[in-house]
Amino acid sequence: MLDSCGSAFHIWLRLGGLHLIRYALLAAASLALFTGPAEAKSDPPPISAYGTLPAISSVSLSPSGGVMASINTIDGKRYILVRTMAGETVLAVPIGENKVRRLKWADDSHLLVEVTKATYWLYETNEIELGTTVSIDVKARKSAVLFDNMPKFLPFHGGRTSAYQINGHAYAFIENTPREGKSGIGRLQSETNSFYIRGFPDYWKIDLDTNKVELFAHGAPDIDGWVVDPTTDSVAAYANFNQMNSTWSLYHGSKLLMSKRSSRLAIDLLGLGRTPGSVLVLDQTDGDKLIEVEADGTITPLFANRAVTDYYFSPTTGLLQGVQLDGAQLVFFDKKRQDRMAALSRAFPGKAVVYHGATDGLERVVLHTDGVGDSGTYYIVDMATHKADVLDNDYPGVPSDQVGASRIYAYKASDGMALDGVLTLPPGRDPTRLPIVVLPHGGPIGIYDRAQFDWMAQAFASRGYAVFQPNYRGSGDHGAAYKDAGFGEFGRKMLTDMSDGLKALVKDGIVDPKRACIVGFSYGGYAAMAGITVQQGLYRCAVAGSGISDIAAMTDWIQQREGSPSAGLTYWRQEIGQDAAGGPSARSISPDALARQADAPLLLIHGTEDSVVPYEQSKLMLAAMNRAGKPVEMITTKGEDHWLSHADTRVQTLTAALDFVQKHNPAN
């Protein structure tokens with residue numbers, strides 16, 4: 001694990017930790033794909049086949065397309081692999097227990113590895129995830145932790161990391177708060193808890209060959225991010241968010257380009273726009289509005305009334321090349337690129353196709369597919385030869401005939417709102433009066449489930465359960481009105497949206513109403529607890545992972561952590577509905593306050609390093625259930641975070657959840 005100074009990171013990234021292993025591209029893949037659900041013939045694989053971390057993830061193509069990097073699991077160990085297009089392994093870097101979040105190329109030689117660690121911040125009382133970036137020089141076979149061994153800096157930093165080649169040199173652009181301020185005023189009060197008196201960063205430019213750091217832009221208390229223009233080696237724009245009056249502003253130099261009130265912290269500076277000098281802004285204060293802002297203040301709306309779920313920028317110029325719209329529709333601004341991507345999508349009928357990057361000239365493209373008979377596959381496509389090679393499968397231990405069919409299931413809420421969710425059916429079973437697991441997503445606002453291979457849903461399906469993942473009001477990918485309908489409904493209509501979906505499935509004869517359990521993590525964990533306390537008569541059991549049980553305690557924790565007023569606290573209060581007259585009291589939607597009403601057994605699962613929902617939230621629910629004499633169990637996953645980042649505890653979590661459901665709601 002990383003220590004407070006990041007030195008442990010060097011154990012695996014020093015030159016001695018870089019070595020070659022045999023690992024090549026799989027044989028060229030046939031594009032003959034399944035067109036319907038496969039009949040289950042093999043026995044279900046072990047639960048570890050689903051719960052283990054993916055065999056491949058985070059595939060990143062270098063700007064020229066000559067090499068690619070990915071995170072791979074080989075013989076139970078995780079590596080960062082750098083490979084040529086011919087499949088030759090150039091480097092294999094062991095990851096160990098470090099949590100690698102992102103791989104990004106600055107040029108064909110310099111790979112940036114972004115890592116996070118939960119560490120104490122602010123008076124040693126609250127844990128948050130802090131970032132560290134490691135630069136690997138592939139050609140020189142050496143590595144360096146950025147900002148390490150520099151007395152002026154801690155190795156941790158925040159914000160987005162950008163990286164480009166400028167005038168023949170590779171640079172990273174990173175936010176960081178130095179230990180000393182102007183005129184000798186110290187920013188760092190204590191090196192043990194890393195508390196900064198002046199808690200805002202500056203923007204720094206780092207030469208990845210020499211590790212030389214230079215100031216790129218001065219910070220200020222309300223700065224909310226910068227965007228680099230690599231063609232001019234300058235700041236294209238920066239954002240400011242005033243927490244006192246909830247005003248978000250965009251500047252080019254000293255010129256104000258736009259300003260807007262946003263009590264939901266719903267405006268974000270994403271990157272450059274389609275043309276040099278322009279920037280891209282996502283405004284969700286009143287609907288989903290993607291806008292392009294020019295240096296002269298001209299504002300151009302893009303994709304009116306459509307939710308944008310992903311953005312694709314040029315690896316060399318940083319300019320916006322395309323987006324993914326709701327419903328997984330890919331849109332590119334260059335017609336040639338659009339036509340080629342449309343043709344590639346047609347080559348995988350019945351599959352969800354996700355674009356993961358390409359060279360500027362579209363000579364090579366990285367795609368990911370999943371769907372019927374496909375547990376997730378990464379492809380590298382050579383557009384000149386029209387050849388698609390498989391890089392690897394996400395879950396190779398899951399046979400194609402054991403992938404349960406998933407589809408979007410539409411229904412209506414009790415108040416008439418049109419909703420949908422993802423229904424996954426057990427392989428080889430008649431979809432009639434099946435036992436069911438309701439599996440709500442976390443978030444809750446803006447997150448959504450789509451018809452894809454979901455490792456947890458597929459694990460339950462493999463054991464004979466239908467799995468329903470409701471996109472309750474507040475979910476993303478459905479437009480602004482759908483998302484905004486969730487505010488204030490945290491413990492109200494969001495919950496009834498889930499049970500309304502269950503009722504619809506019962507009415508259609510797909511599931512048995514007497515054989516339902518609810519399993520969820522994060523907000524889904526809250527929903528699982530609330531499903532047997534705030535609601536009753538629905539579920540035979542509940543599994544709550546990393547869930548919120550006490551709304552008032554959670555509010556106090558956020559306020560202590562962020563202060564008041566703060567954008568995060570304001571947003572949280574809007575989520576739960578306490579910022580408006582008539583909003584629900586904390587106790588009326590807190591599962592621990594209603595434990596005496598619990599009508600089904602509960603399993604609690606929580607990681608000790610959860611920096612998003614404190615571990616104490618599950619302990620509060622455990623105590624409340626015990627006081628009420630209700631059946632409850634709790635599993636503590638030591639060293640685990642909010643995202644189930646470690647393979648062993650992820651398998652432990654999945655196994656415990658499945659065993660609990662099978663005990664209280666047998667599939668047969």
Side-chain angles (χ1 to χ4, degrees), residues 1-3 8-9 11-13 17 21 23 44-58 70-81 92-103 113-119 127 129 132 375-376 392-398 402 439 442 453-460 462-463 519-522 524-525 543-547 603-615 618-619 622 633-663:
M1 299 296 294
L2 289 169
D3 61 25
F9 205 77
I11 293 174
W12 66 273
L13 277 175
I21 65 173
Y23 199 84
I47 289 304
S48 59
Y50 300 91
T52 188
L53 293 171
I56 184 171
S57 62
S58 302
S70 58
I71 298 173
N72 293 74
T73 302
I74 306 169
D75 296 330
K77 297 182 179 180
R78 303 185 75 219
Y79 298 85
I80 296 171
L81 295 187
V93 183
I95 293 176
E97 292 301 310
N98 292 284
K99 294 186 287 187
V100 176
R101 300 302 189 193
R102 187 182 181 215
L103 305 178
V113 181
E114 296 181 23
V115 183
T116 61
K117 174 182 168 56
T119 188
E127 279 194 326
E129 290 276 335
T132 295
S375 64
D392 208 341
N393 302 110
D394 296 4
Y395 295 92
V398 180
Q402 285 294 328
L439 185 64
F453 184 93
D454 181 289
W455 61 275
M456 187 168 288
Q458 290 287 340
F460 278 102
S462 74
R463 267 53 182 175
V519 178
F521 289 76
S522 193
V543 179
S546 304
L603 172 64
L604 300 163
I605 305 174
H606 215 127
T608 57
E609 286 199 13
D610 193 327
S611 61
V612 178
V613 176
Y615 172 68
S618 287
K619 291 174 66 177
L622 176 67
E633 300 175 32
M634 182 168 174
I635 292 176
T636 297
T637 50
K638 294 183 179 180
E640 188 53 278
D641 58 19
H642 193 70
W643 301 278
L644 296 175
S645 297
H646 301 102
D648 54 349
T649 45
R650 201 163 95 150
V651 173
Q652 177 190 5
T653 296
L654 181 58
T655 301
L658 185 57
D659 287 348
F660 191 80
V661 170
Q662 288 177 317
K663 175 182 176 181

Pairwise side-chain contact, [X] with [Y], heavy-atom cut-off 4.5 Å (strictly under):
{"X": "Val113", "Y": "Leu103", "answer": "yes"}
{"X": "Ser522", "Y": "His642", "answer": "yes"}
{"X": "Pro45", "Y": "Gln402", "answer": "yes"}
{"X": "Arg101", "Y": "Ser645", "answer": "yes"}
{"X": "Trp455", "Y": "Leu644", "answer": "yes"}
{"X": "Phe453", "Y": "Asp394", "answer": "no"}
{"X": "Asp610", "Y": "Asp641", "answer": "no"}

[atom2] on [Y] to [atom1] on [X], rounded to 0.5 Å:
{"X": "Ile47", "Y": "Met456", "atom1": "CD1", "atom2": "CE", "value": "10.5 Å"}
{"X": "Trp643", "Y": "Lys99", "atom1": "CH2", "atom2": "NZ", "value": "6.5 Å"}
{"X": "Asp648", "Y": "Lys638", "atom1": "CG", "atom2": "NZ", "value": "12.5 Å"}
{"X": "Lys77", "Y": "Ile95", "atom1": "NZ", "atom2": "CD1", "value": "13.0 Å"}
{"X": "His606", "Y": "Ile635", "atom1": "NE2", "atom2": "CD1", "value": "13.5 Å"}
{"X": "Ser58", "Y": "Asn72", "atom1": "OG", "atom2": "CG", "value": "10.0 Å"}

Looking only at heavy atoms, which two atoms of [X] and [Y] are closest? And how far apart?
{"X": "Ser70", "Y": "Ile56", "answer": "CB-CG1, 4.1 Å"}
{"X": "Asn393", "Y": "Pro396", "answer": "O-CD, 3.4 Å"}
{"X": "Leu604", "Y": "Ser618", "answer": "CD1-O, 3.5 Å"}

Expected list for residues 649-658: side-chain donor-acceptor pairs under 3.5 angstrom, two or more places apart:
unit_1: Thr649; atom_1: OG1; unit_2: Glu640; atom_2: OE2; d: 2.4
unit_1: Thr649; atom_1: OG1; unit_2: His646; atom_2: O; d: 3.3
unit_1: Arg650; atom_1: NE; unit_2: Gly51; atom_2: O; d: 2.8
unit_1: Arg650; atom_1: NH2; unit_2: Thr52; atom_2: O; d: 2.7
unit_1: Arg650; atom_1: NH2; unit_2: Tyr395; atom_2: OH; d: 2.9
unit_1: Thr653; atom_1: OG1; unit_2: Thr649; atom_2: O; d: 2.8
unit_1: Thr655; atom_1: OG1; unit_2: Val651; atom_2: O; d: 2.8

Can you list the residues that meet the side-chain contact (heavy atoms from CB on, under 4.5 Å) rule with Lys619, with sequence neighbours excluded?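 If we apply the side-chain contact (heavy atoms from CB on, under 4.5 Å) test to Lys619, skipping adjacent residues, the hits are Tyr615, Met634.
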Just jot down the side-chain hydrogen bond (donor to acceptor under 3.5 Å, both in side chains) partners of Gln662, sequence neighbours excluded, or say none.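 Not a single residue meets the side-chain hydrogen bond (donor to acceptor under 3.5 Å, both in side chains) criterion with Gln662.
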